[in-house]
Amino acid sequence: MSHRSVLVIGAGPAGLAAARAARAAGASVTLLDSSDYLGGQYWRHLPAARPAGNEKVLHHGWSTFSALRRELEADAGCEIVLGAQVWALETAHGAEAPTVHALIGPVDGIRRSGRSFTADALVLATGAHDRTLPFPGWDLPGVFTAGAAQAFAKGERVAVGSRVVVAGAGPFLLPVAASLTQSGARVLGVYEANGIGRLLRGWLPRPWRLLGASKKAGEALGYLRNHLGNRIPYRTGQAVIAAHGTDRVEAVTIAKLDAEWRPIPSTARRVSADAVCVSHGFTPRLELPIAAGCALDADRFVTVDGRQATTTASVYAAGEITGIGGVDAALAEGQIAGHCAAGGHQGDPVVKAAVAARATFTDFASRIEAAHGIRPGWTAWLHEDTLVCRCEEVSYGRLCSAASATDSASLRSQKLSSRAGLGICQGRVCGRTVEQILAAERPGGMRDGASTDRRPIVAPVRIGELAAAAADQTSSPTLISTERP
Amino acid sequence: MAARLLPAGNDPIRPGATRALSLSVDGEPIDGVEGQSIAGVILASGRLSWRRTSSEGKPRGLFCGIGVCFDCIVTVNGERDVRACQRRAADGDVVQSQHDALPEVRA
């Protein structure tokens, strides 16, 4: 048995599976999550204050989650630290593994307490968030990400609207429509930007490889049944290209798209709605892997080997940060990562099933990208005054004119000139969009190697909390050293 | 017609008993259910926006719902910049909407 310590960041499917596997391999485990519950966004659920007799109807794999939660909560060898907002990760000179700094307490509170964690190995399982492309009116109240609709349906039983349009790209739109319906909303339609031809070309090759994933196919059939049963239209090759209203959404414009996602103007029609939920995919949360020095692959996911080890010693990664593959891939990767972080090997019998499942379900990631990935023609639905950066209120026109006026090939300098991506969300919402627009404005792309995914301060921190941490550091020698070589 | 909390009687999950709570939002009392986020309580009351942007004064409310976008920030019991979608509401919380105007530039 190992006597190693493993620190797991993120308590979604990948992190929970990693924590359990590391415990099974004999390591002591610390599991951190920024929220006050286990399960992550996938198993977002009602809090203990709102018990329900049949909550499982809102979820897939609820029994898997319940078992993971029960086991970890009962395990004295697994310390669960909730409400832990990690704000920095650093590797002290000569240290084996990075140190993780967190603030613990009520969300964004002013008197959270600082705590620093080190362990023999680190498993990063920070997941992903929705990527929503800008469109005219997307800053109106009543426009939500699909993830918001899902979170409030599952976590609070609040439907974000009563007449709701769901749009964007990817298989995630289906469970979102289902959750909205189950929360009392009327879903007017689900609009998938990709045409049926591309969906089939993406999903159908090598169909025998889908056989192992028959559970997943059953899940998809369940959603289709939900759609038929509730008579929700599912339309392909169409998108919400504008939202209208003065102080809130009153209507949207839906249009057909060509294969590159350019809207076909003659097809535009207006639909009245009081909410619209739009997501075009997911952005992995890469701040911690980048801070740890982990290499990313060409598609900007964390590079891992068969053990789920990153290119940084003692740092492992699992789940959506290694590829958008869904819950089954995340569970398998998490289990392998936790096992290997605790000192096990990927050839051990205990992870044999997980290794096989990983092969089946990571195949999903490439299918999702092939069938649903963002196409470059979408910028044709932008107007000059469409906001690209919501925080700093930078329009498409202003971003492009700043780019052409400065003629700089530096992403960093373009951000400073235009202010795009400099707001309080730290470029999480617009970062990749800004990069894409600037690259299109300047053939050859940006040349400074900068990325909007790099955020050395992982979350906004109050100056008072930093000062308190600094004061602690001078008085307490047990905290990590800030000395540089 | 807007966002709303699904009435327990219509909910297939068979909800158990809940405890009510009340917030003050810009001086107005709003009722919610224990365990809801501040954003959830405000949304379910029919209000969609509770912040004005710095530059153009545009209304904003919930957008990402998972703590990423910071569009929904409010002042809670005097603490600024709290993400309403992430902070659980506590009975008696005093919530104020935020409008941080840009500093004036003199020519």
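Please read all numbers here as calculations on a predicted model, not as lab measurements. Values below: every heavy atom of this structure, side chains too, minus hydrogens, waters and symmetry copies. Residue numbers start from 1 in every chain, and the chains themselves are labelled A, B, ... in the order their sequence lines are given, proteins ahead of strands.
- The shortest distance between side-chain heavy atoms of A:Phe144 and B:Cys64 does not fall below 4.5 Å.
- Considering only heavy-atom pairs separated by less than 4.5 Å from chain A, the leading option among B:Asn77, B:Ile66, B:Val33 is B:Ile66.
- In terms of heavy-atom pairs under 4.5 angstrom with chain B, the leader among A:Gln150, A:Arg285, A:His129 is A:His129.
- Taking both residues in full, the closest heavy atoms of B:Cys85 and A:Phe152 are given as CB-CZ, 4.0 Å, listed atom of the first, atom of the second, then distance.
- Counting all heavy atoms, side chain and backbone alike, B:Leu5 lies closest to A:Val158 at CD1-CG2, 3.7 Å.
- Of the inter-residue distances, the one linking A:Ser183 atom OG with B:Arg4 atom CZ reads 10.0 Å to the nearest 0.5 angstrom.
- Scanning residues 134-142 of chain A against chain B with a 4.5 Å heavy-atom cutoff picks out A:Trp138, A:Asp139, A:Pro141, A:Gly142, ordered by number.
- Looking at A:Arg186, neither its backbone nor its side chain comes within 4.5 Å of chain B, counting heavy atoms on both sides.
- For chain A, the nearby part of B:Ile73 is the side chain; its heavy atoms alone come within less than 4.5 Å.
- For A:Ile110, the side chain to side chain contact (heavy atoms under 4.5 Å, CB included) partners are A:Arg462, B:Glu79, not counting sequence neighbours.
- Residues B:Phe63 and A:Thr132 are in side-chain contact: their nearest non-hydrogen atoms beyond the backbone lie under 4.5 Å apart.
- For a residue to count as touching a neighbouring chain, one of its non-hydrogen atoms must lie under 4.5 Å from one of that chain's; by this rule A:Glu393 touches chain B with backbone and side chain alike.
- When side chains are defined from C-beta on, B:Arg83 counts as touching A:Val107, because their heavy atoms get closer than 4.5 Å.
- With chain B as the partner, the residue from A:Pro51, A:Gly184, A:Ser34 showing the most heavy-atom pairs under 4.5 Å is A:Pro51.
- With contacts defined as side-chain heavy-atom distances shorter than 4.5 Å, the pair A:Arg428/B:Cys69 does not qualify.
- Scanning residues 9-18 of chain B against chain A with a 4.5 Å heavy-atom cutoff picks out B:Asp11, B:Pro12, B:Ile13, B:Arg14, B:Pro15, B:Gly16, B:Ala17, B:Thr18, ordered by number.
- Put simply, CZ on B:Arg88 and OH on A:Tyr37 are 7.5 Å apart, with the number rounded to the nearest 0.5 Å.
- For the set A:Asp130, A:Val143, A:Val429, the count of heavy-atom pairs under 4.5 angstrom toward chain B peaks at A:Val143.
- Of the listed residues (A:Lys56, A:Arg390, A:Gln426), the one with the most heavy-atom contacts under 4.5 Å to chain B is A:Arg390.
- Between the side chain of A:Glu156 and the backbone N or O of B:Ser37, at least one donor-acceptor pair lies under 3.5 Å.
- Scanning for side chain to side chain contact (heavy atoms under 4.5 Å, CB included) contacts around B:Asp100 gives B:Ser54, B:Arg80, B:Gln98, with sequence neighbours left out.
- A 4.5 Å side-chain heavy-atom check between B:Lys58 and A:Asp247 finds every atom pair outside the cut-off.
- The contact between B:Asp71 and chain A is made entirely by side chain atoms (from C-beta outward), counting heavy-atom distances below 4.5 Å.
- Residues A:Arg248 and B:Ala2 approach most closely at NH1-CB, 4.3 Å, considering heavy atoms.
- In this structure, chain A has no heavy atom under 4.5 Å from any part of B:Val76.
- Listed options A:Val57, A:Ile424, A:Val160 were ranked by heavy-atom pairs under 4.5 angstrom with chain B; first place goes to A:Ile424.
- Around CD1 of A:Ile463, the count of heavy atoms belonging to other residues, nucleotides or ligands within 6.0 Å does not exceed 12.
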